[in-house]
Amino acid sequence: MRFRFDRFVVALILLPAFAAAQAQEPAAEPYRALAKWEFGQSRQPLGQIDEEIRKSAPVGYKSIEAKLLDVLKSDGTSTDAKRYICRALAVVGSADCVPAVAELLGDPDLSHPARMTLEPLAHPAAAAALRDALTKLKGDLLLGVVSSVAARRDAQAVEALRGLARDSDLMIAGAAMSALGEIGSEEAAGALKAIQPPVALARTHARAVIAAANRLAAAGKRETASGMYGSLMQPQQASAIRVAAWKGLLGTLPTADAVKRFVEVIQADDATLRTAALAAYGAGSQRALQDAVAVQLPGMNPAAQWALLGVLAGEPGVAARSAVVRVVESSADVDVRVAALECLALHGEAADVALVVKLAQSEPPVVAEAARRVLPRMVKPGVDEALVEMIESGQTGDRAVVLSALAARRVESALPTLARLVGGADAPLGTEAARALAVLGTSEQLGPLAAVLIRTDNAELRTAAAEAVRSICSRAEDKPAAAKPLLAALRQATTSEARIVMLQQLVYTRGDEALNAVLQAAQNADAQVAEAAFRALIAWPEASAAPRLIELAKTTDKASFAVLALRDGCLRLANQKDLPLAQRLSIYRSVLEIAQRPEEKRQAIAALADLPALGALELLQATARDTEWNNDATAAIIRLARQLGAVYNRQALAALEEIKSQAVGDEAKRQAEAAIKAVQNVGQSPEGFIVAWLLSGPFTQSGKSGPELFDVVFAPEESDGDAEWRPVTVPPGGKPGLVEMDKIFGGNDRAAYLKTQLAADREQDAILELGSDDGIKVWLNGQVVHTNNATRPCTPSQDKIKVKLKQGANALLMKITQGGGEWSACCRLVSPDGHPLDGVTVAPQGP
């Protein structure tokens with residue numbers, strides 16, 4: 001090939017120009033694409049232009065503006081593109097874009113974006129374009145331009161707006177009035193003053209006047225603004241208008257004049273104006289004015305005092321305390337004194353405590369009651385200390401009021417004094433102190449209270465002290481420790497009455513030492529003491545009392561005692577759902593063995609029907625062989641077998657088949673057959689919800705809330721953990737797959753565990769759709785696959801987790817935490833496409 005030197009030289013000469021053209025091509029490309037862009041198409045060209053604007057300094061906006069204007073003016077540019085260009089020009093535009101954009105104000109599709117370009121543009125040309133449009137447009141387009149003029153607060157538009165404010169189109173007229181208010185110049189205010197609005201626009205006009213007055217007041221033209229506010233005080237004005245006018249007026253007058261005007265109004269007969277003034281006072285921000293008004297409170301008439309006190313009761317920042325105290329002390333009006341006392345809850349100080357305590361014992365009763373209500377609610381510093389100082393006041397009435405207030409306020413610093421007063425020589429004072437200790441006492445005060453119980457002859461004091469002991473023991477976390485001072489007092493008791501009252505209190509404690517003391521007292525030679533001990537044993541809260549109760553039922557020669565021991569003692573304990581299943585079963589078994597009356601046997605059989613343990617089924621089967629109890633036991637077996645079928649499928653079916661084969665009547669046979677069908681179809685609902693579980697719990701830890709228990713490791717999480725499991729089956733017809741632990745366990749700040757086994761005929765992907773109230777943690781085959789320490793109500797499919805099931809058995813474990821309220825969980829097993837999973841059966845393995 002022959003080399004042509006001349007063409008080579010030409011190429012070298014043209015190369016820079018070609019390169020420059022290529023460089024310009026990418027820059028022009030998005031603008032060319034923009035011209036044809038329509039909503040729904042790729043936003044790539046718009047994004048490129050936006051990026052160019054973001055990266056450009058303001059000095060570079062000019063070139064971008066020019067390119068945008070070229071596209072805007074092109075004949076073929078789409079409406080959507082023009083909308084985008086207006087938005088971009090609002091950022092990069094200058095006076096150069098005003099003519100082209102102004103042409104769009106009359107286009108119904110583009111008027112709004114055009115206004116959004118011109119409205120923030122500072123150049124006078126933009127304001128002129130909008131003013132010009134005021135004379136050319138009609139209807140909605142004119143409304144839009146009026147709002148833009150208002151937003152710019154264009155003082156040169158007042159004359160045009162003056163005319164529009166009289167337009168026959170009420171929408172146009174109202175918008176023009178509002179715009180004059182926003183402009184807020186003296187000329188605009190004059191234009192508004194000259195307008196006589198139609199009734200339909202009276203409130204719009206009033207709001208515009210207030211807006212203009214606010215503008216003028218802010219500009220220092222207070223006298224003009226004050227006159228405008230004053231013009232809106234007439235009764236025909238709406239309440240909201242009068243409140244706003246009052247608020248503005250109070251801000252424009254000198255403080256002394258504002259106070260005088262305010263006091264005059266709230267004492268006048270115009271209730272509407274008084275309400276407006278009070279609302280303005282409460283909503284005001286001029287603290288000096290509010291303080292100055294409060295000083296005038298004692299000199300106002302009762303109606304005005306009562307009304308202003310109602311406002312001051314919600315205004316902690318106003319310096320009203322001295323004036324309020326004067327009214328409390330001097331007013332002859334009961335309603336005013338009550339309102340003033342209510343004010344002291346917020347404004348009263350420690351120095352006012354003695355006055356309020358005195359009034360709590362005064363006449364009329366309504367004032368005394370108000371004072372007693374106020375004492376627990378006084379919020380200023382030093383009130384607690386003032387009350388503690390008054391405990392040992394020389395006035396008996398004072399002490400009672402003070403002790404009641406201390407209890408209501410839960411002032412723990414008063415506890416040592418209260419404990420000392422309980423055992424003092426003044427029985428009425430001791431009674432009040434005991435009542436206070438019932439509310440805020442701790443285990444440290446049990447000793448003094450117990451000492452009172454065994455020594456006092458005062459029935460009222462003994463009753464109050466006993467109630468305090470019961471309340472404190474019920475609150476105590478360490479109940480065996482709480483029993484120790486009570487046991488000491490029992491040993492020191494010298495009378496039967498004292499021993500009996502202490503035995504009655506021990507029921508609210510726990511521990512072997514306390515129980516042994518009760519058992520020992522049951523052998524007392526004094527029949528009354530022995531009976532008190534026996535009744536304490538029956539009411540004992542721990543299952544450790546059950547063997548003693550059973551023995552007592554066997555050996556007592558009093559039939560009534562045997563009945564009480566079984567019915568109110570053993571059966572009550574066995575019905576406690578937080579007891580281990582084996583312990584509950586043992587108690588029911590003993591009741592069936594030794595009960596002499598059918599009532600207790602029948603109660604035990606009915607309770608066994610809801611005891612989710614295989615031993616309960618076996619015990620019921622044995623009981624059914626007794627002809628006398630066959631019907632009761634058969635009904636219980638059918639009920640229990642339905643619950644146990646998911647875990648003890650073989651045993652449940654065998655028990656039901658036995659009932660079916662031996663049933664004498666058709667009804668028993670029908671119930672057995674229905675139960676067999678239900679047991680054969682357990683584990684998973686047709687929708688994929690898991691309905692058969694093993695449940696363990698509840699688990700708690702002292703001082704920890706439900707969310708704090710989320711990461712606490714309890715026995716079910718440990719590989720060798722010793723946890724008790726009970727079967728639970730979601731009944732048909734209820735909420736889908738929902739295990740309601742609040743109904744099973746109850747209580748707050750605890751955790752429980754659910755587990756089951758998923759048997760897959762092959763390895764496959766699956767989705768666990770979970771719902772929980774509250775937090776949930778999930779393990780599959782020993783691995784954590786999901787955690788969500790939530791506080792929420794339970795809804796199916798709140799959380800969706802992808803998992804892989806291995807062929808064979810897959811162990812599923814869930815931990816559910818409880819803060820308060822409802823406590824539940826559900827789990828649905830589905831395929832990745834959301835349908836019930838094939839080839840998987842759900843069957844919890846019995847413990």
Side-chain angles (χ1 to χ4, degrees), residues 312-313 316 319-331 337-338 340-363 365 367-449 451-452 456 458 460-461 464-465 467-469 471-472 475:
L312 290 172
R321 178 249 174 187
S322 296
V324 172
V325 170
R326 286 178 59 193
V327 172
V328 169
E329 292 176 324
S330 62
S331 177
R337 294 185 76 193
V338 169
L341 280 165
E342 286 294 326
C343 250
L344 287 181
L346 199 62
H347 295 279
E349 298 179 354
D352 306 321
V353 168
L355 170 64
V356 180
V357 169
K358 178 182 177 182
L359 290 173
Q361 307 159 66
S362 68
E363 295 291 339
V367 172
E369 177 59 29
R372 285 192 290 270
R373 285 198 311 267
V374 166
L375 279 170
R377 293 161 41 221
M378 294 177 71
V379 297
K380 291 293 181 71
V383 172
D384 287 349
E385 291 76 8
L387 285 166
V388 172
E389 288 180 8
M390 292 186 68
I391 289 178
E392 299 186 74
S393 165
Q395 300 296 321
T396 302
D398 286 358
R399 296 197 299 262
V401 171
V402 167
L403 289 171
S404 177
L406 287 169
R409 295 175 69 91
R410 298 187 175 274
V411 182
E412 294 185 1
S413 61
L415 288 175
T417 302
L418 293 174
R420 178 166 52 80
L421 294 177
V422 163
D426 189 333
L429 179 59
T431 299
E432 292 299 329
R435 289 171 180 160
L437 287 173
V439 177
L440 53 92
T442 68
S443 296
E444 293 182 8
Q445 287 79 54
L446 286 174
L449 286 166
V452 168
T456 186
N458 186 291
E460 190 174 9
L461 175 57
E467 178 59 34
V469 168
S471 298
I472 292 171
R475 292 194 297 268

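Rounding to the nearest 0.5 angstrom, the gap separating the NE2 atom in His347 from the CG atom in Leu344 is 8.5 Å. Atom-to-atom distance recorded for Ser413:OG and Leu406:CG is 7.5 Å, nearest 0.5 angstrom. Considering CD of Glu369 and OG of Ser362, their distance stands at 11.5 Å, rounded to 0.5 Å. Rounded to the nearest 0.5 Å, atoms CD (Glu329) and CG (Leu355) are 5.5 Å apart.
In this structure the side chain of Val353 never reaches within 4.5 angstrom of the side chain of Glu389, judged on heavy atoms. Counting heavy atoms from C-beta outward, Val402 and Val388 have side chains that stay 4.5 Å or more apart. Residues Glu444 and Leu415 form no side-chain contact, since every pair of their non-hydrogen atoms from C-beta on lies 4.5 Å or further apart. Looking at heavy atoms from C-beta onward, Asp426 lies out of side-chain contact with Leu421 at the 4.5 angstrom threshold. For the pair Gln361 and Val401, the minimum side-chain heavy-atom distance is below 4.5 Å. The shortest side-chain heavy-atom distance between Leu403 and Leu429 falls under the 4.5 Å cut-off.
Between the side chain of Arg410 and the backbone N or O of Val439 there is at least one donor-acceptor pair closer than 3.5 Å. Side-chain atoms of Thr456 never come within 3.5 Å of backbone atoms of Val452 as a donor-acceptor pair (strictly under, hydrogens ignored). In this structure, Arg372 contributes its side chain and Ala360 its backbone to a donor-acceptor pair below 3.5 Å. Between the side chain of Arg409 and the backbone N or O of Leu375, at least one donor-acceptor pair lies under 3.5 Å. No side-chain donor-acceptor contact under 3.5 Å links Arg399 to the backbone of Ala433. In this structure a side-chain-to-backbone donor-acceptor pair under 3.5 Å is missing from Ser404 to Ala400. The closest donor-acceptor contact from the side chain of Gln445 to the backbone of Thr442 lies under 3.5 Å. A donor-acceptor pair is defined here as one N or O able to donate and one able to accept, closer than 3.5 Å; no such pair exists between the side chain of Glu432 and the backbone of Pro428.
Minimum heavy-atom separation, Ala414 to Ile391: CB-CD1, 4.2 Å. Residues Leu418 and Leu440 share a closest heavy-atom pair of CD1-CD1, 4.0 Å. For the pair Arg337 and Val328, the tightest heavy-atom approach, listed with the atom from each and the gap, is NE-O, 3.1 Å. In terms of heavy atoms, Ala434 sits closest to Ala468 at O-CB, 3.5 Å. Between Leu341 and Ala370, the shortest heavy-atom distance links the atoms CD1-CB, 4.0 Å. The two atoms that bring Ala340 and Val327 nearest to each other are CB-CG1, 4.0 Å, heavy atoms only.
The 12-atom threshold is exceeded at NZ of Lys380, counting heavy atoms of other residues, nucleotides or ligands nearer than 6.0 Å. Counting heavy atoms of neighbouring residues, nucleotides and ligands inside a 6.0 Å radius, atom CZ of Arg475 exceeds 12 of them.
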### Message
Run Leu359 and Val374 through side-chain contact (heavy atoms from CB on, under 4.5 Å) and show every step you take.
### Response
CA-CA 11 Å; Leu359 290 173; Val374 166; over 6 Å; no

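Under 4.0 Å is where a charged nitrogen must lie from a carboxylate oxygen, and between Arg321 and Asp352 at least one such pair does. Electrostatic pairing of Glu342 and Arg377 counts as a salt bridge here, judged by a charged N lying under 4.0 Å from a carboxylate O.
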